[in-house]
A.B. asks: 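Pasting a structure here, questions to come.
Throughout, protein chains are lettered first and strands after them, A, B, ... in sequence-line order, and every chain is numbered starting at 1.
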Amino acid sequence: DQQVKQNSPSLSVQEGRISILNCDYTNSMFDYFLWYKKYPAEGPTFLISISSIKDKNEDGRFTVFLNKSAKHLSLHIVPSQPGDSAVYFCAAISSPVGTASKLTFGTGTRLQVTL
Amino acid sequence: ETGVTQSPTHLIKTRGQQVTLRCSSQSGHNTVSWYQQALGQGPQFIFQYYREEENGRGNFPPRFSGLQFPNYSSELNVNALELDDSALYLCASRIRGKQETQYFGPGTRLLVL
């Protein structure tokens, strides 16, 4: 039962263009959504998050959009840079009262930014 | 401010053995979670510790156990290792209540032969 899905295993974008990474989810009880970037041999690095009560959050070159009716979120990176090449994970948090707040991850999208 | 650290970085064990992985939380973080990331997959939640007690667990058998110490550092213990336990094990720390900001360590890569 995959509650968070990233259907594109890989994405290639030219430097300077926009990268759009997509994520779908099935659990309407998720409170927060997060994006992590992961380089080989390193742990995931937190990028940006969005509360389920918002539809957009922006931080520098990174913007996350949330469409609750479609249970879909996307990460936009503008402009894309070669250093952005990494695996990007979408994750979601649900925290019912009295239980742990656990992250549920997608399977990741490998972004390659070419020159 | 130091980040989340984990040790060892790599480990090779054989089936049936036991292993202990260690994690030092980021300064000021009182909640630690452990995740297992198999090849080609996203990290899977194992369990979470707060105030030295387990307060949430994912779909992992009891041979996966943990500890949290008064200084908020943590251990993950796996008994009776199986081949499928080969994975990257990640530790994440946060301040309780700040669920949207979890910070991960670099992980321990375990290979079970």
Side-chain angles (χ1 to χ4, degrees), chain A residues 1-10 21 23-25 27 29-54 57 59 64 66 86-110, chain B residues 3-10 21 23-26 29-51 53-60 66 68 74 87-109:
Chain A
D1 176 26
Q2 187 124 19
Q3 297 187 59
V4 177
K5 299 177 186 178
Q6 293 176 259
N7 292 318
S8 298
S10 63
L21 297 101
C23 179
D24 297 296
Y25 63 95
N27 186 348
M29 300 302 292
F30 286 135
D31 300 307
Y32 279 94
F33 301 89
L34 304 90
W35 284 94
Y36 284 84
K37 178 167 79 171
K38 187 177 186 303
Y39 294 117
E42 294 184 14
T45 302
F46 170 75
L47 270 178
I48 191 169
S49 65
I50 187 168
S51 165
S52 61
I53 63 173
K54 297 191 173 182
N57 188 27
D59 184 2
V64 56
L66 175 62
V87 177
Y88 288 77
F89 288 99
C90 170
I93 293 178
S94 63
S95 51
V97 174
T99 67
S101 295
K102 68 169 189 176
L103 286 167
T104 301
F105 283 87
T107 51
T109 296
R110 182 176 300 278
Chain B
V4 179
T5 60
Q6 292 185 243
S7 63
T9 55
H10 294 82
L21 310 181
C23 170
S24 290
S25 301
Q26 186 159 322
H29 287 188
N30 55 15
T31 302
V32 65
S33 301
W34 285 90
Y35 291 80
Q36 180 197 66
Q37 185 181 10
L39 203 60
Q41 302 295 316
Q44 299 287 316
F45 175 75
I46 302 175
F47 44 53
Q48 177 179 283
Y49 276 81
Y50 172 67
R51 288 187 174 178
E53 289 191 1
E54 182 183 303
N55 73 338
R57 188 175 189 94
N59 192 23
F60 282 82
Q68 186 185 30
S74 176
L88 180 68
Y89 288 86
L90 296 161
C91 167
S93 75
R94 64 179 175 89
I95 296 171
R96 187 171 177 85
K98 294 283 189 181
Q99 59 194 18
E100 70 276 17
T101 50
Q102 302 203 29
Y103 295 90
F104 283 83
T108 294
R109 187 162 295 283

A.B. asks: Flag the pair Phe104(B) / Tyr36(A) as yes when their ring centroid distance falls below 6.0 Å, and as no otherwise.
C.D. replies: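 Centroid separation for Phe104(B) and Tyr36(A): below 6.0 Å.
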A.B. asks: Run through Ser49(A), Cys23(A), Pro44(A) and flag the one making a side-chain contact (heavy atoms from CB on, under 4.5 Å) with Trp35(A).
C.D. replies: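 Passing option: Cys23(A).
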A.B. asks: Between Tyr35(B) and chain A, with a heavy-atom cut-off of 4.5 Å, which part of the residue counts as in contact: side chain, backbone, both or neither?
C.D. replies: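 Interface part for Tyr35(B): side chain.
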A.B. asks: Considering only heavy atoms, which portion of Gln37(B) lies under 4.5 Å from any heavy atom of chain A: side chain, backbone, both, or neither?
C.D. replies: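 For Gln37(B), the contact with chain A is made by the side chain alone.
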A.B. asks: Is it the case that atom CD in Gln44(B) sees more than 12 heavy atoms from other parts of the structure closer than 6.0 Å?
C.D. replies: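 12 or below, so no.
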A.B. asks: With rounding to the nearest 0.5 Å, note down the distance linking CG in Asn27(A) to OG in Ser94(A).
C.D. replies: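 Reported to 0.5 Å precision, the distance equals 5.5 Å.
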A.B. asks: Give the member of Gly42(B), Pro43(B), Pro106(B) that has the highest number of heavy-atom pairs under 4.5 Å with chain A.
C.D. replies: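 Heavy-atom pairs under 4.5 Å are most numerous for Pro43(B).
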